[in-house]
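The structure appears below as structure tokens.
Fair warning: this is a prediction, and the values are worked out from it, not measured in the lab.
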Amino acid sequence: MEKASKRKITVRIQEGGRDWKGGKEVRTLLSQFPLPPFVTQEVPLLPIQRFFRATLGVFRYIVLVTQGELLAFFQAFLKNSLLREKALFLCSSQDGDLLGELCEVLPPSETAFLFLARRPEEFWGLFALFALPERKKVLVGEPHGAFAECARECFFPFLPVDVPSFSFWQRSAFLYLPLSVWGMPPEEVERGFQEGYTALREEAFRLALFLWEKEQEGKGRVHIVAEPPLLGEVLSSFFPLLERSCEGGLVFRAGSPQTLWNEGERVWERGITILVLRALSGEGFRVRIPRELVSSEIFAGWGFLRECSFEALEKAAIDALRGMLRQRGEAFAELCLPLYSPFFLGQCIAFMQYLACYSAWLREVDIFSEPPLVRFERHVVSCLKKRCQEA
């Protein structure tokens with residue numbers, strides 16, 4: 001963890017075989033923008049930790065019920081996390097079938113259902129909440145919304161969350177409470193946020209400016225190629241936020257070097273590539289060729305694999321892609337991330353928040369305004385009410 005804390009996210013951008021502009025010009029442009037409001041946000045961790053111990057600490061099974069970007073983030077995180085201490089299940093608040101199955105198979109006395117919802121998502125959360133039979137239910141939401149009123153009237157445990165906007169929920173109890181379930185120390189994640197806000201502002205602005213300029217040149221897609229894949233999966237949960245910040249001008253997608261290259265030259269000509277690399281490396285799983293195959297004609301010349309690992313294969317694929325991009329004279333960026341750790345997680349999210357915010361401001365988009373989901377929710381409620389009356 002300490003090694004990771006001494007590393008920071010770095011951005012290197014190349015175009016036509018040369019480093020893309022930076023330094024004084026970027027800093028001059030950056031000085032014209034204020035600090036985003038989430039930088040000065042204060043998050044008291046002690047109430048979150050006490051709430052976890054009082055409401056969730058005694059349960060063996062915890063079902064996290066949420067939707068949208070919160071669900072996408074935790075799906076990527078759960079898939080790759082080895083830090084969790086409890087049996088944790090994820091369920092969309094719109095998936096009634098899975099919710100019913102979890103109720104049937106998990107013992108009621110050992111199970112708690114943890115509902116997370118930002119203000120425009122509370123209707124779906126309440127729908128799932130009211131559909132559940134008698135179970136332990138814990139609510140996390142904004143202090144003056146429907147979740148708060150439901151908890152007050154029905155005596156459900158409730159943790160209020162103040163967030164600067166719908167889009168920037170990450171540095172709050174929405175993140176820290178589920179991380180506590182995993183056994184991950186929130187104070188280390190918070191330290192990563194604070195140091196990320198201090199050190200990564202200019203790096204994130206450089207990347208936002210690069211993407212904005214490439215969009216003006218007609219590029220419409222951003223390819224994220226990550227080594228290892230888990231970094232791409234975690235970053236992909238931020239794609240909806242990044243696409244909103246670009247007002248739909250850029251589409252983000254993640255993939256492996258071979259799948260993206262296989263799409264053909266037309267796709268590459270219309271897109272921008274970001275290579276996501278890890279700053280520090282380890283050995284990982286190594287390849288062992290059976291002795292019976294060493295003398296085989298098919299495996300002739302493959303003896304070098306005896307000294308290789310999965311990490312070596314990942315790096316070779318990235319090296320090949322980087323070389324081919326340079327040969328074509330394509331512009332691309334390299335995003336170097338520290339090792340996976342609680343500290344890194346805070347840094348990574350801080351960087352993505354900066355990137356989304358500056359991408360929006362460069363395009364004069366109000367990323368802190370009310371999300372379109374509010375209007376959609378009203379239409380859903382209206383249509384559902386009409387169907388119920390007709391029935």
Side-chain angles (χ1 to χ4, degrees), residues 1-10 35-36 38-57 62 64 66 69-70 72-88 90 114 116 140 159 161-164 168-201 203-204 226 228 230-238 241 276-282 335-356:
M1 189 178 299
E2 275 310 306
K3 278 188 176 180
S5 70
K6 295 176 182 176
R7 297 272 184 167
K8 76 167 189 174
I9 294 173
T10 59
L35 273 177
F38 50 74
V39 174
T40 56
Q41 177 189 2
E42 293 186 7
V43 184
L45 297 180
L46 191 56
I48 299 173
Q49 293 167 321
R50 286 175 176 170
F51 185 85
F52 165 72
R53 289 192 293 267
T55 61
L56 298 171
I62 296 176
L64 181 60
T66 186
E69 292 159 34
L70 281 77
F73 176 85
F74 291 119
Q75 281 177 328
F77 197 73
L78 178 63
K79 181 178 179 181
N80 298 290
S81 174
L82 299 176
L83 299 174
R84 61 188 185 274
E85 295 178 350
K86 297 178 179 292
L88 184 63
L90 294 180
L114 176 60
L116 274 63
V140 180
L159 181 61
V161 182
D162 280 312
V163 293
F168 297 94
W169 57 269
Q170 297 90 0
R171 190 176 166 221
S172 70
F174 284 135
L175 175 69
Y176 289 146
L177 188 62
L179 292 185
S180 298
V181 174
W182 266 291
M184 180 177 285
E187 59 272 12
E188 277 298 301
V189 184
E190 174 65 14
R191 190 168 68 90
F193 268 112
Q194 293 175 358
E195 295 197 21
Y197 289 148
T198 301
L200 301 176
R201 186 184 178 202
E203 293 291 286
L230 83 86
L231 293 176
E233 291 168 6
V234 172
L235 293 180
S236 66
S237 66
F238 290 89
L241 172 59
V276 183
L277 316 172
R278 45 182 161 190
L280 301 176
S281 59
L335 188 61
C336 191
L337 301 179
L339 278 177
Y340 178 76
S341 69
F343 178 86
F344 149 74
L345 185 63
Q347 265 200 342
C348 180
I349 298 176
F351 181 86
M352 299 304 290
Q353 287 181 327
Y354 268 145
L355 179 62

Task: Nearest heavy atoms of Leu200 and Ile9, plus distance in Å - done: CD2-O, 3.4 Å

Open item on the list: Quick test of your reading of the model: are Arg191 and Glu195 salt-bridged, counting only N-O distances below 4.0 Å?
Closed with: yes

Task: Considering all heavy atoms, the nearest Phe238-Gln170 contact - done: CE2-NE2, 3.6 Å

Open item on the list: Within the 3.5 Å criterion, strictly below it, is a donor on Tyr176 or Glu190 matched to an acceptor on the partner's side chain?
Closed with: yes

Task: Shortest non-hydrogen contact from Pro178 toward Ala173 - done: CD-O, 3.6 Å

Open item on the list: Is there a side chain to side chain contact (heavy atoms under 4.5 Å, CB included) between Phe73 and Val234? Walk through the geometry before answering.
Closed with: CA-CA 6 Å; Phe73 176 85; Val234 172; 4.2 Å; yes

Task: Side-chain heavy atoms of Val163 within contact of Ser172, under 4.5 Å - done: yes

Task: Minimum-distance pair of heavy atoms, taken over all atoms of Ser180 and Phe52 - done: O-CZ, 3.6 Å

Open item on the list: Here's a test for you: under ring pair (Phe, Tyr, Trp, His ring centres under 6.0 Å), which of Phe193, Phe174, Phe38 qualifies with Phe168?
Closed with: Phe38

Task: Distance, nearest 0.5 Å, that separates CG of Leu88 from CH2 of Trp182 - done: 5.5 Å

Task: Partners passing side chain to side chain donor-acceptor pair (under 3.5 Å) against Gln41 (at least two apart in sequence or in another chain) - done: none

Open item on the list: Could you tell me if the side chain of Phe351 sits less than 4.5 Å from the side chain of Leu335, heavy atoms only?
Closed with: yes

Open item on the list: Rounded at 0.5 Å granularity, tell me how far CD in Glu187 sits from CD1 in Ile48.
Closed with: 11.0 Å

Task: Spacing of Cys348 atom SG and Gln353 atom CD [to the nearest 0.5 Å] - done: 10.5 Å

Task: Thr66 side chain to Leu116 backbone, donor-acceptor under 3.5 Å - done: yes

- [ ] Write down the atom of Ala204, the atom of Tyr354, and the distance for their closest heavy-atom approach.
- [x] CB-CB, 3.4 Å

Open item on the list: Within this structure, what is the CD1-CG distance for the pair Ile62 and Leu56, rounded to the nearest 0.5 Å?
Closed with: 4.5 Å

- [ ] Answer whether the closest heavy-atom distance between the side chains of Gln194 and Arg171 falls below 4.5 Å.
- [x] yes

TODO: Output the distance between atom CD1 (Ile349) and atom CZ (Phe344), rounded to the nearest 0.5 Å.
DONE: 8.5 Å

TODO: For the residue pair Arg201 and Leu35, establish whether any side-chain heavy-atom pair is separated by less than 4.5 Å.
DONE: yes

TODO: Locate the shortest heavy-atom distance separating Pro342 from Glu188; write the atom from each residue and the value.
DONE: CB-CB, 3.7 Å

Open item on the list: Rounded at 0.5 Å granularity, tell me how far CG in Leu175 sits from CG in Leu345.
Closed with: 6.0 Å

